[in-house]
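Here the structure comes first, spelled out in structure tokens, and everything after it is commentary.
Heads up: numbering here begins at 1 and tracks the sequence. Remember, it's 1-based here, ligands and their atoms both numbered in the order they're listed.
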Amino acid sequence: MATQIVTFDGEYVDESLRAALPANASGWESKYQIVAIMGPQSSGKSTLLNHAFGTAFREMDDSLGRSQTTQGVWLSRAETCETTPTLVMDLEGTDGRERGEEDTAFEKQTALFAMASADVLLVNMWCNDIGREQASGKPLLRTIFEVNLKVFSPEKKTVLLFVIRDRSKTPFERLVENLRGDLESIWRGITKPERYANSAITDLFELKFTSLPHYEHEHELFVAEAKALRARFDAPANAADSLRDTAAAVPISGLGVSLREVWNTVKANKDLDLPAHKIMVATVRCEEIADAALAQITECDELANLLKEAKSAKVSHLVSKIEKLTNKALTPYDDEAKYFVKEVREAKRLDLKARVAKTLGEVASMHLEHVRQDIVESLVHEVNATLDRVGFATFLKETFTKLDAQWEERLDESLPTDDLAWADFVVEETKNFHKTIDAIVDSLRKERMNLTIHACERAMERGVSAQAIGLLEEAPRDMWYKLRQMRSSAAEKWNSEVADAVSEFEPSDEEVERVHQNMRNRITEVVDGKSRDAATAALAHMKQAFARVFSKDSKGLPRIWRPLDDVAAINRKAQREALRVLSLLAVTRLDDRADKKGDDAAIKSIETALYGLIPSDAPLTSGVEDGDDATETPSTAEPVAVSLPTEWEDAADDAVILTPAECRTIWLQFESDTLYAVSQAMAAKEAARRALTGGAPIWMIVLLIILGMNEIKWLLTHPLTLFIIVALGLYARAIFNQLDVTSAMQLGMVPGLTVLAAKIVPVGVGILKKLADEGARSWSPESTPIPAAPVGGTVAHAGTDPNSQFAHASGDITSQGVRQRAKPRETVGR
Ligand SMILES: Nc1nc2c(ncn2[C@@H]2O[C@H](COP(=O)(O)OP(=O)(O)OP(=O)(O)O)[C@@H](O)[C@H]2O)c(=O)[nH]1
């Protein structure tokens with residue numbers, strides 16, 4: 001059946017080819033041929049085709065007169081070709097009046113379409129037209145030559161078979177010669193592009209000629225020769241006169257695409273590059289075939305089952321399953337695509353394999369995930385077994401080699417690793433494997449490195465804590481400077497220690513820097529923490545400091561209280577030491593920018609402010625006023641109401657550990673806690689005094705009286721002398737007491753005597769002055785209260801030199817037994 005493949009209006013009809021082909025065109029492949037015919041309108045084209053190829057193209061009905069019967073391009077399968085499947089194209093006749101002005105454009109398009117698609121183009125010519133200047137077929141020949149220049153086909157020439165109709169008695173050779181002459185003349189007359197300027201007609205065309213007798217007058221002969229002509233198309237390609245081509249330019253499965261694209265190109269008035277066209281057709285078709293082949297896999301149950309299996313566990317014999325599914329796609333592809341351009345076919349085959357690999361990659365990925373898990377488990381096992389035995393670097397080297405070998409082995413078991421289509425996948429999965437292992441090893445490395453760092457930090461904490469506690473307990477004046485120095489040298493030492501310890505983990509520069517920074521921070525934290533602990537336990541530190549002065553002598557031995565010891569002076573000295581410790585602890589000075597000079601000034605400022613808490617003239621008073629029983633006792637502490645600043649000057653908030661108010665509270669507690677020790681000291685001193693003065697045995701006194709009876713008698717008879725001796729004795733004893741001879745002599749003979757010599761005159765004068773004051777007071781009409789000592793617990797006092805206060809207060813143990821505490825002029829706080 002003939003179908004219209006290009007309509008009169010120039011539309012391409014996709015279904016026509018399918019209608020023209022047999023239901024099963026599998027035998028056609030690239031064996032088929034296309035024969036097309038061109039010629040003037042009503043020149044018997046359809047008649048010839050029908051007789052030669054057994055087609056059924058519409059022929060003109062003579063009863064309707066000469067009119068166009070074939071419009072556009074028609075296609076039919078040749079029924080009479082026995083060995084070569086043949087498609088026949090009947091083109092609309094030229095010079096028809098139906099198209100009017102436009103006919104040449106359509107004629108050129110169909111001529112180009114036929115030349116590009118057909119293996120042989122029949123050109124129908126009236127015998128009478130040969131050699132005639134105004135022959136009806138000449139415009140068609142010009143068209144054929146011109147449009148052929150738009151076809152780029154270096155592989156083969158266009159085969160033109162000129163069919164001379166209604167042949168005359170003129171010999172065929174003569175006719176051919178004339179026709180050749182006409183063709184040469186037309187070829188010369190057309191405008192050719194430069195590349196064809198010197199080309200002969202035969203460079204581009206393979207010219208063949210045949211003739212047929214008159215259809216009506218010699219009908220029998222016409223029919224016979226038409227059959228003979230068809231036989232030339234059916235003959236083997238190497239036979240004489242054969243018109244059969246060796247192979248179709250486009251395999252049958254690509255013909256639909258080819259014809260459509262040729263027509264679209266022609267219609268768009270573009271040049272036709274046949275090799276490129278062939279590649280384009282091959283590309284389109286091979287892709288279509290590959291798509292269909294891939295669908296064989298994507299839509300099959302086997303793949304779905306594999307996916308299901310791989311989700312939960314490793315797939316057994318995965319590599320053979322992959323190969324089987326791959327072949328399921330490749331076999332039909334190879335069958336269908338084998339006649340297309342080799343390069344395209346093979347390239348698309350590789351694409352198909354890659355797509356198959358990608359499709360199956362989902363299964364393979366899930367399978368390899370299980371494989372990775374197995375290997376990770378073996379790694380964990382390896383870690384536990386090996387890491388404690390060898391260093392981390394050795395462990396890594398050994399383990400990586402083992403794991404890589406395991407992975408390669410498992411890959412070969414799972415995938416067709418030698419297949420290039422899987423190369424990218426294998427690389428990607430191996431990368432993922434290394435990533436997984438690297439992540440585990442890195443976390444392991446970090447974990448182990450952190451353990452090592454923590455061990456270093458713990459060792460550092462022990463060392464630094466001990467050093468810091470030692471300094472804080474000792475509380476030297478430059479304690480903060482020493483703490484800072486200690487912190488710097490600890491940072492240097494421990495950074496070096498920790499760097500050595502972590503070197504086996506091959507840390508990056510950033511990691512080392514981070515470790516050092518953390519170590520520095522940790523050291524600062526430890527020192528700061530210990531400082532704050534010490535401040536929190538300031539009371540204990542103060543008591544220690546107090547005890548160092550109060551309970552020990554200058555040689556650091558436990559103090560033995562002697563009758564001439566000045567408990568009050570020593571108490572104040574010890575209190576000052578405790579106060580100094582409190583001043584040191586009140587504010588931390590660990591800032592790197594701090595310096596020794598700044599420390600001294602800041603601590604001095606706090607110390608000065610806190611001095612107000614020590615009564616400047618706080619004599620120890622006797623509990624009993626009279627006679628020998630008079631005993632020194634520390635006064636009970638009255639509430640401290642000195643003026644303190646509300647905050648420490650120039651101290652950063654976060655550096656302040658103890659505010660002035662907290663210092664006051666601690667001080668009160670301190671005073672209260674040390675009171676007992678002071679009273680004990682006084683009692684000890686009193687006991688010593690009594691032992692010295694009241695310890696003489698009775699028999700010795702009686703003996704002295706008997707032996708010195710004469711002198712006693714003399715003295716009793718000279719009372720004035722007796723009085724003077726007694727008064728001088730008392731005066732000497734008072735001076736002796738005030739001089740604290742025992743303490744002075746503890747300095748050594750010469751320094752002791754020097755001190756005593758320097759003190760003896762002021763002490764003697766002071767006693768006389770005191771006696772004078774006492775005498776004056778006892779003669780006054782009213783009893784005069786004991787004047788309050790000039791107490792420094794005021795704001796004004798707080799600023800005075802503490803040394804001068806202590807100098808003033810020394811030796812102020814009065815017989816009044818009242819511990820004087822000046823009332824502050826101004827008070828703050830509680
Ligand atoms: N003189 C002559 N007439 C023929 C020959 N073959 C066919 N005819 C007649 O020419 C007329 C047209 O024949 P068709 O086969 O329809 O011609 P055509 O070239 O296919 O016509 P279009 O498709 O319309 O261009 C018919 O009347 C045929 O009988 C021939 O060899 N010689």
Side-chain angles (χ1 to χ4, degrees), residues 1-10 16 35-76 78-80 87-100 102-111 113-114 118 120-130 132 135-141 143-144 160-170 172 175 179 209-230:
M1 191 185 88
T3 53
Q4 193 177 32
I5 194 163
V6 176
T7 66
F8 181 77
D9 298 324
S16 297
V35 179
I37 191 163
M38 288 193 76
Q41 186 183 319
S42 303
S43 59
K45 300 185 293 293
S46 305
T47 306
L48 170 60
L49 294 179
N50 290 344
H51 280 87
F53 297 104
T55 52
F57 294 115
R58 249 184 80 208
E59 296 172 20
M60 194 187 89
D61 185 349
D62 287 332
S63 63
L64 298 174
R66 293 222 166 248
S67 64
Q68 193 175 47
T69 51
T70 306
Q71 293 190 325
V73 181
W74 287 71
L75 185 73
S76 178
E79 299 292 348
T80 52
L87 285 173
V88 184
M89 262 186 207
D90 190 8
L91 272 68
E92 182 177 304
T94 54
D95 303 333
R97 64 177 182 274
E98 282 78 358
R99 283 200 182 267
E102 283 182 12
D103 66 340
T104 48
F106 189 75
E107 180 184 313
K108 281 178 184 167
Q109 287 171 352
T110 51
F113 179 63
V120 180
L121 179 61
L122 306 184
V123 183
N124 218 19
M125 299 200 64
W126 292 121
C127 182
N128 291 341
D129 278 350
I130 295 172
R132 277 180 54 209
S136 62
K138 278 195 173 172
L140 169 64
L141 293 174
T143 300
I144 288 171
L160 295 180
L161 174 63
F162 290 91
V163 183
I164 302 165
R165 309 292 293 267
D166 290 357
R167 71 172 171 245
S168 59
K169 297 241 182 316
T170 313
F172 178 67
L175 283 174
L179 184 51
F209 304 91
T210 190
S211 66
L212 285 172
H214 196 289
Y215 173 64
E216 286 172 0
H217 299 166
E218 296 172 282
H219 188 73
E220 297 292 317
L221 187 61
F222 177 91
V223 171
E225 288 195 22
K227 271 190 186 170
L229 180 63
R230 184 255 302 153

Parallel, tilted or perpendicular, as decided by the 30° and 60° cut-offs, for the rings of Phe222 and His219: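 It falls in the parallel class, under 30°.
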Output the list of atoms in ligand 1 that are nearer than 4.0 Å to some heavy atom of [X], sorted by atom number.
| X | result |
| --- | --- |
| Asp166 | 1 (N), 2 (C), 30 (C), 31 (O), 32 (N) |
| Glu216 | 29 (O) |
| Arg165 | 5 (C), 6 (N), 30 (C), 31 (O) |
| Ser43 | 17 (O), 18 (P), 19 (O) |
| Gly93 | 25 (O) |

Mind checking whether [X] contacts ligand 1 via backbone (N, CA, C, O), side chain (CB onward), both or neither, at a 4.0 Å heavy-atom cut-off?
| X | answer |
| --- | --- |
| Trp74 | neither |
| Glu92 | neither |
| Lys45 | both |

Heavy-atom pair of closest approach, residues Ala78 and Val88: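 The answer is CB-CG2, 3.9 Å.
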Atom of Leu48, atom of Ile37 and distance for their closest heavy-atom approach: CD2-CD1, 3.8 Å
Below 3.5 angstrom, do we get any N/O pair linking [X] and ligand 1?
| X | value |
| --- | --- |
| Gln41 | no |
| Arg58 | no |
| Gly44 | yes |
| Thr47 | yes |
| Ser46 | yes |

Approximate separation, where rounding is to 0.5 Å, of Ile130 CD1 and Met125 CE: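 The distance works out to 5.5 Å.
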Donor-acceptor pair, [X] side chain versus [Y] backbone, under 3.5 Å?
| X | Y | value |
| --- | --- | --- |
| Glu92 | Gln71 | no |
| Asn124 | Ser43 | yes |
| Asn50 | Phe57 | yes |
| Thr210 | Val163 | no |
| Ser46 | Arg58 | yes |

